[in-house]
Amino acid sequence: MGRVRVGVNGYGTIGKRVAWAIMKQPDMELVGVVKTRPSWEALSAVARGIKLYVPEGREKLFEEAGVRVAGTLQDLIQSVDVMVDATPAGVGASYAGIYRDAGVKAVFQGGERESVAEVSFNALYTYEAALGKASARVVSCNTTGILRVLYAFKKAGTVRSVRVTIVRRGADLKEVKKGPIEGLLLKPAKPPSHHAEDVRSVAGRDLDIVTYSIVAPTTLAHMHVMFVRFEGNVSKEDIVRAFEETPRIVLLKASIASSTAEVRELARDLGGRGDIYEVIVWPESLWVRGNEAGIAYMVHQEAIVVPENIDAIRAITGIVEDGARSIRLTDESLSIGRWLP
Ligand code: NAD
């Protein structure tokens, strides 16, 4: 197989970042993206030389706004091997049949129900299970963060139970109509939040996990506190080593930056756009006593699922059969893991 031809439906917070990441992969070609309206995001695609496709009947709207269109959604679907669907939560399901009927593979996002795709995806857990499948669902940003941190704990010992408190960003930067702008909101009031079931969809149905979710007035990032109980005692050194050895986790000393604001600003200072694809774990927050451990970490919601989408494309098309190799290729292309000197 030559380069995998990919289209992206929905060029918003996630879709645009996935599109840019596809452009950096040597084994993939971004054919184009679908926009429904000639918004500023459409202009940003044009500025980057990305071809715009629109749903049937919308061409005129773009023409009138002076935005050049390469074709319709159907034209794009006919020209690709994989569609990445990054339309708003729940909308992806309405496109699932269209991709399937066209014989095109599809990657969906975490806002969709589990049943939208054949497999729920995280590169560390379900790469092999996704090989050759027609569709995969990359689980949400919070779920991806939990899964990576849990993966490290599982390397250190046999995990019996997992408890997580999730402090979620209220909105993404561009979401001017979303809140809260004051107060912390317990959502849902009754645990577990949907993240627990989402983690199980990837890590296994028998995992004992409870999650609480609190929405906070911030756009910068999520912050979690996770407690795990192991079968037997586990040493702090073994846990730290497991974290160091797990891909897409960066240990950042709280003495350097302990707030989501400082970490996001540091990422911007280091160059590029400041997207943080890794989970940022604060080593000082690691607490261990006997068979219990706790840790705090941060998740940049706009970026963390981007490398997972890239790996999901490789898995369902089968162009790389080894998950670890795909992770290395993706991480190399996006400079993942290379943070501070
Ligand atoms: P978004 O609103 O930023 O982007 C969605 C894009 O789809 C927009 O460009 C919008 O114009 C377009 N769109 C709207 N209706 C459409 C339609 N009917 N057909 C085609 N395109 C349409 O949304 P987002 O935040 O990027 O979320 C996309 C998916 O990713 C959701 O499933 C969400 O749950 C998931 N996700 C979001 C985040 C996050 O923090 N924003 C993190 C992880 C996963």
Trainee: State, yes or no, whether a side-chain contact exists between Ile239 and Arg241 at a heavy-atom distance under 4.5 Å.
Mentor: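 Side-chain contact under 4.5 Å: no.
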Trainee: Taking Lys253 first and then Glu262, would you say they form a salt bridge - that is, a charged N and a carboxylate O separated by under 4.0 Å?
Mentor: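 Salt bridge absent between Lys253 and Glu262.
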Trainee: Give me the atom names and distance for the closest heavy-atom approach of Pro247 to Arg148.
Mentor: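 In terms of heavy atoms, the two residues are closest at O-CD, 4.2 Å.
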Trainee: Answer yes when Glu197 and Arg200 have at least one side-chain N-carboxylate O distance shorter than 4.0 Å, and no when they do not.
Mentor: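 A salt bridge links Glu197 with Arg200.
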Trainee: With a 4.0 Å cut-off on N to O distance, would you call Asp27 and Arg314 a salt bridge?
Mentor: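 Counted as a salt bridge, because a side-chain N and a carboxylate O are separated by less than 4.0 Å.
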Trainee: May I ask you to decide whether Glu292 forms a salt bridge with Arg160, counting only side-chain N to carboxylate O separations under 4.0 Å?
Mentor: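 Salt bridge: no.
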Trainee: Could you tell me whether Phe153 atom CZ has more than 12 heavy atoms of other residues or ligands within 6.0 Å of it?
Mentor: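 Buried by this count: over 12 neighbours within 6.0 Å.
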Trainee: Answer whether the closest heavy-atom distance between the side chains of Pro55 and Val34 falls below 4.5 Å.
Mentor: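 SC-SC contact between Pro55 and Val34 confirmed.
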Trainee: Is it true that Arg137 and Asp198 have a side-chain N and a carboxylate O under 4.0 angstrom from each other?
Mentor: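 Salt bridge: yes.
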Trainee: Using only atom types and a distance under 3.5 Å, with no angle test, would you say the side chain of Thr211 pairs donor to acceptor with the backbone of Ser193?
Mentor: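 Yes, because the side chain of Thr211 sits within donor-acceptor range (under 3.5 Å) of the backbone of Ser193.
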Trainee: Can you tell me how the ring of His222 sits relative to the ring of His224, calling it parallel under 30°, perpendicular over 60° and tilted otherwise?
Mentor: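 Tilted, since the angle between the ring planes falls between 30° and 60°.
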Trainee: May I ask you to check whether over 12 heavy atoms, not counting those of Arg338, lie within 6.0 Å of atom CZ?
Mentor: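 Yes, because the 6.0 Å sphere around CZ of Arg338 holds more than 12 heavy atoms from other groups.
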Trainee: For Gly337, is there any backbone N or O sitting under 3.5 Å from a side-chain donor or acceptor partner on Glu278?
Mentor: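 Yes.
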Trainee: Can you confirm whether more than 12 heavy atoms, excluding those of Arg68, are under 6.0 Å from its CZ atom?
Mentor: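 Counting neighbours around CZ of Arg68, 12 or fewer heavy atoms of other residues, nucleotides or ligands fall under 6.0 Å, so no.
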Trainee: Regarding Asn142 and Gln301, is there a side-chain donor-to-acceptor distance under 3.5 Å anywhere?
Mentor: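 Side-chain D/A pair, Asn142 to Gln301: absent.
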Trainee: If the threshold is 4.0 Å, N to carboxylate O, is there a salt bridge linking Lys60 and Glu63?
Mentor: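 Salt bridge: no.
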Trainee: State whether the side chain of Glu175 and the backbone N or O of Asp172 hold a donor-acceptor pair below 3.5 Å, judged by distance alone.
Mentor: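 Confirmed, Glu175 side chain pairs with Asp172 backbone.
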Trainee: To check you understand the geometry: which heavy-atom pair defines the closest contact between Ala312 and Val138, and what is its length?
Mentor: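 For Ala312 and Val138, the tightest heavy-atom pair comes out as CB-CG2, 4.0 Å.
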Trainee: Charged N to carboxylate O under 4.0 angstrom, Arg169 versus Glu302?
Mentor: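 So Arg169 does not pair with Glu302 through a salt bridge.
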Trainee: For residues Tyr99 and Asn9, determine if any side-chain heavy atom of one lies less than 4.5 Å from a side-chain heavy atom of the other.
Mentor: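 Yes, close enough: below the 4.5 Å cut-off.
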Trainee: With side-chain contact (heavy atoms from CB on, under 4.5 Å) as the test, pick out the partner of Val299 among Ile166, Val305, Ile304.
Mentor: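 Single side-chain contact (heavy atoms from CB on, under 4.5 Å) partner of Val299 among Ile166, Val305, Ile304: Ile304.
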Trainee: Is there a donor-acceptor pair under 3.5 Å between the side chain of Lys105 and the backbone N or O of Gly132?
Mentor: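 Yes; judged by distance alone, with no hydrogens or angles, the pair exists.
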Trainee: May I ask you to decide whether Asp208 forms a salt bridge with Arg163, counting only side-chain N to carboxylate O separations under 4.0 Å?
Mentor: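 Between Arg163 and Asp208 there is a salt bridge, with a charged N closer than 4.0 Å to a carboxylate O.
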Trainee: Assess the side chains of Thr143 and Ser140: does a donor N or O sit below 3.5 Å from an acceptor N or O?
Mentor: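 Distance-only check passes for Thr143 and Ser140.
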Trainee: Is it true that a side-chain atom of Glu64 and a backbone atom of Glu59 form a donor plus acceptor pair closer than 3.5 Å?
Mentor: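 A pair under 3.5 Å: no.
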Trainee: Within the 4.5 Å heavy-atom criterion, are Tyr95 and Leu73 side-chain neighbours or not?
Mentor: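 When only atoms from C-beta onward are counted, Leu73 and Tyr95 do touch, with a gap below 4.5 Å.
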Trainee: Side chains of Asp85 and Val107: closer than 4.5 Å at any heavy-atom pair?
Mentor: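 When only atoms from C-beta onward are counted, Val107 and Asp85 do not touch, as no gap falls below 4.5 Å.
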Trainee: A side-chain contact here means heavy atoms from C-beta on lying under 4.5 Å apart; do Phe230 and Val228 qualify?
Mentor: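 They are in side-chain contact.
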Trainee: Heavy-atom distance under 4.5 Å between the side chains of Tyr127 and Asp311, does that happen here?
Mentor: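 Of all side-chain heavy-atom pairs linking Asp311 with Tyr127, at least one is under 4.5 Å.
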Trainee: Give me the atom names and distance for the closest heavy-atom approach of Ile316 to Lys133.
Mentor: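 Looks like CB-O, 3.3 Å.
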Trainee: What I want to find out is whether Arg248 reaches Asp331 closely enough, with some N-O distance under 4.0 Å, to be called a salt bridge.
Mentor: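 A salt bridge is present here (some side-chain N lies under 4.0 Å from a carboxylate O).
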Trainee: Can you confirm whether more than 12 heavy atoms, excluding those of Lys155, are under 6.0 Å from its NZ atom?
Mentor: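 For Lys155, atom NZ is crowded (more than 12 foreign heavy atoms under 6.0 Å).
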Trainee: Of all heavy-atom pairs between Ser285 and Trp282, which one has the smallest distance, and what is that distance?
Mentor: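 It is OG-O, 2.6 Å.
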Trainee: In this structure, which one of Val6, Leu76, Ile98 forms a side-chain contact (heavy atoms from CB on, under 4.5 Å) with Met83?
Mentor: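 Of Val6, Leu76, Ile98, side-chain contact (heavy atoms from CB on, under 4.5 Å) with Met83 is met by Leu76 alone.
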Trainee: Within the supplied structure, the quantity of interest is the number of heavy atoms (other residues, nucleotides, ligands) at a distance under 6.0 Å from Arg268 CZ; does it exceed 12?
Mentor: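 Above 12, so yes.
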Trainee: For atom CD of Glu231, is the number of surrounding heavy atoms from other residues, nucleotides or ligands below 6.0 Å larger than 12?
Mentor: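 Atom CD in Glu231 is packed in, count exceeds 12.
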Trainee: Closer than 3.5 angstrom, by distance alone: can the side chain of Tyr125 be matched with the main-chain N or O of Tyr151 as a donor-acceptor pair?
Mentor: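 Such a contact is found between Tyr125 side chain and Tyr151 backbone.
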Trainee: Any side-chain to backbone donor/acceptor pair from Glu114 onto Ser120? Under 3.5 Å, distance only.
Mentor: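 Checking the backbone N and O of Ser120 against the side chain of Glu114, no donor-acceptor pair under 3.5 Å is found.
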